[in-house]
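Heads up, the thing below is written out as structure tokens.
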Amino acid sequence: MTGWLRGVGVGPGDPELVTVKAARLIGEADVVAFHSGPRGDSIARRIAASYFREGVVEVLLAYPVTTGTTDHPLGYHGLMADFYDESADRLAGHLDSGRNVVVLAEGDPLFYGTYMYLHDRLADRYDTAVVPGVTSVSGSAAAVATGLCRHEDVLTILPGTLPVPELARRLADTEAAVVMKLGRTFENVREALRQAGRLDEARYVERASSDAERVLPVADVDASTVPYMSMVVVPGRDLRADAAGRAATSLTVDTAVPQGDPEADVRGEVVVIGLGPGPDRWLTPEASTALAEVGHVVGYAPYVNRVPQREGLTRHASGNSVEVDRARDALELARKGERVAVVSGGDAGVFGMASAVFEAAETYGYADVPVRVLPGVTAAQAVAARAGAPLGGDFAIMSLSDRLKPWAVIEKRLRAAASADLVVALYNPASRSRTEQVSRAREVFLEERDPATVVVVGRDVGRAEESLTVTTLAELDPATIDMKCLVIVCASGTRVTGTGQVWTPRYVS
């Protein structure tokens, strides 16, 4: 008979935080295994040693390295994969001999724990179970002794190894946060906290729950002293309390500055900015300057996420299909004296947020709030440039989305553009819920155009997954088109060069 395998969490440091179940299993095991760095000093063993039974077999699993530096032919991850394979084989030898094995893990075995890699290799072969432990997050929150997250606060747990801009963005976008994996990353983490405007509230916890525990403001920490076994805790903002505060502020401001009062002293401004189709290199210098000057960024979450976080910037990300609501929020912030950027992908004036801002201003009485619109590279330009010059002659731009207008109107306009022999760039050609529109658009064009008419399909242009397809109306497969695509149906005079580039003459032949 084979033995059983248990992954056992031993908590963040204090031996008294080992659970009753964990202590019992450690005491019953024939073999206790634990990880350590290359020097062989195991934190998990130190925590749990008092629970070992006399005569237990101890198995040290020492990492070959603790950084990404190695001469292994497959790099760091290849070296570690070999280490986990070898460790699993060592434990399998004990299990096959009928010995019961406990693998210790600091904190919880499946929470950034090394045990999980052994579990992946052994769980389908042996009687295996996981015993949860008190996590380092819980230990650190207790050390700070401040509510970590309240009511509807969102808690985000982040590795300090993330790039500073990404870490700053995520810190700014959450109410409560814990940053793990410090050590050499500490200065980057501190800079990300500063950029996110969270440095003053952040607390540093070292060796939580142990005799060597330390708690300090992150701003006061000497980076050269930070060990790996430390983390940063950023307590939540308490959404309900914030909402109450915002409501009180709103009442005060509304009393002082009546809506629609043209004589009000409006110091704020809304700048509507097109971020381009994707790459940062397609963001205009004018847009970059404006983004660096505003205090708020409002928009659909994927677009807000493209704006680098910095100190003093508040982000307001929302879902799709609430354009007028987010525009109204931006206008209200501006009326209160804030400088606000409303961001769109591509060009904000082409099926973007610019018209939504003007609609909200007209509908809800914000005519007194200054609005500026800055141009951006739009998807039609990006796809056309990749293809060559299909927009070199007269062209039209249309959206196939029927969310804001009936399909009958779209079809009427498609037929008019097709019969006029215009090049037509089609935005929003398909989505998960809209799958028939592009097929119907193709049918309309085939009724008015030669089946050999050139069609360009650009997908994720400017991104790593970019692809460009040059085909014809007859060969176009609507099933291959989704929301990531832009389709350009060319004119009768459009030509394709010997190298596959597409261009439309500036004149009618």
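Keep in mind the model is a prediction, meaning the values are calculated, not measured. Basis for what follows: all heavy atoms, side chains included, without hydrogens, waters or symmetry-related copies.
By the salt bridge (charged side-chain N to carboxylate O under 4.0 Å, His left out) test, R326 pairs with no residue at all, sequence neighbours left out. Remark: R415 engages E411, E447, E448 in a salt bridge (charged side-chain N to carboxylate O under 4.0 Å, His left out) (not counting sequence neighbours). In this view, T494 and T504 satisfy the side-chain hydrogen bond (donor to acceptor under 3.5 Å, both in side chains) rule, not counting sequence neighbours.
Looking at every heavy atom in both residues, E191 comes nearest to V164 through CG-CG1, 4.0 Å. Of all non-hydrogen atoms in L171 and A196, the two that sit nearest each other are CB-CB, 3.8 Å.
A 6.0 Å sphere centred on OH of Y84 holds more than 12 heavy atoms belonging to other residues, nucleotides or ligands. Atom CG of D222 has more than 12 heavy atoms from other residues, nucleotides or ligands within 6.0 Å. Counting non-hydrogen atoms of neighbouring residues, nucleotides and ligands closer than 6.0 angstrom, the CZ atom of F111 exceeds 12 such neighbours. Applying the 6.0 Å contact sphere to CZ of R310 captures more than 12 heavy atoms from other residues, nucleotides or ligands. Around atom CG of D325, more than 12 heavy atoms belonging to other residues, nucleotides or ligands sit under 6.0 Å away. The local environment of CZ in R306 is crowded, with over 12 non-hydrogen atoms from other residues, nucleotides or ligands closer than 6.0 Å. When the shell of 6.0 Å around NZ of K405 is examined, it contains more than 12 heavy atoms from other residues, nucleotides or ligands.
Using a 4.5 Å heavy-atom cutoff, the side chains of Q309 and P165 are not in contact. Looking at heavy atoms from C-beta onward, V307 lies in side-chain contact with L313 at the 4.5 angstrom threshold. The shortest distance between side-chain heavy atoms of F358 and E362 does not fall below 4.5 Å. At a threshold of 4.5 Å between non-hydrogen side-chain atoms, the residues D394 and D421 do not count as touching. In this structure the side chain of L199 reaches within 4.5 angstrom of the side chain of V218, judged on heavy atoms. A 4.5 Å side-chain heavy-atom check between V423 and V489 finds every atom pair outside the cut-off. Under the 4.5 Å side-chain criterion, counting only non-hydrogen atoms from C-beta, V137 is in contact with I157.
In this structure, E475 does not pair ionically with R442, as no charged nitrogen and carboxylate oxygen lie closer than 4.0 Å. With respect to R463 and E466, no salt bridge is recorded, no charged nitrogen being found less than 4.0 Å from a carboxylate O. Ionic pairing of D482 and R459 is present here: one or more N-O contacts between side-chain nitrogen and carboxylate oxygen are shorter than 4.0 angstrom.
In the model, T499 has a side-chain atom that pairs as donor or acceptor with a side-chain atom of T497 under 3.5 Å. Judged purely by distance below 3.5 Å, without hydrogens or angles, the side chains of T135 and D108 never pair a donor atom with an acceptor atom. Between the side chains of Y366 and E332, at least one donor N or O sits under 3.5 Å from an acceptor N or O. Side-chain atoms of Y63 and T114 form a donor-acceptor pair, as typed in the model, at a separation below 3.5 Å. Neither side chain, D329 nor H316, offers a donor N or O lying under 3.5 Å from an acceptor on the other.
Side chain of R449 to backbone of A418: a donor-acceptor contact under 3.5 angstrom is found.
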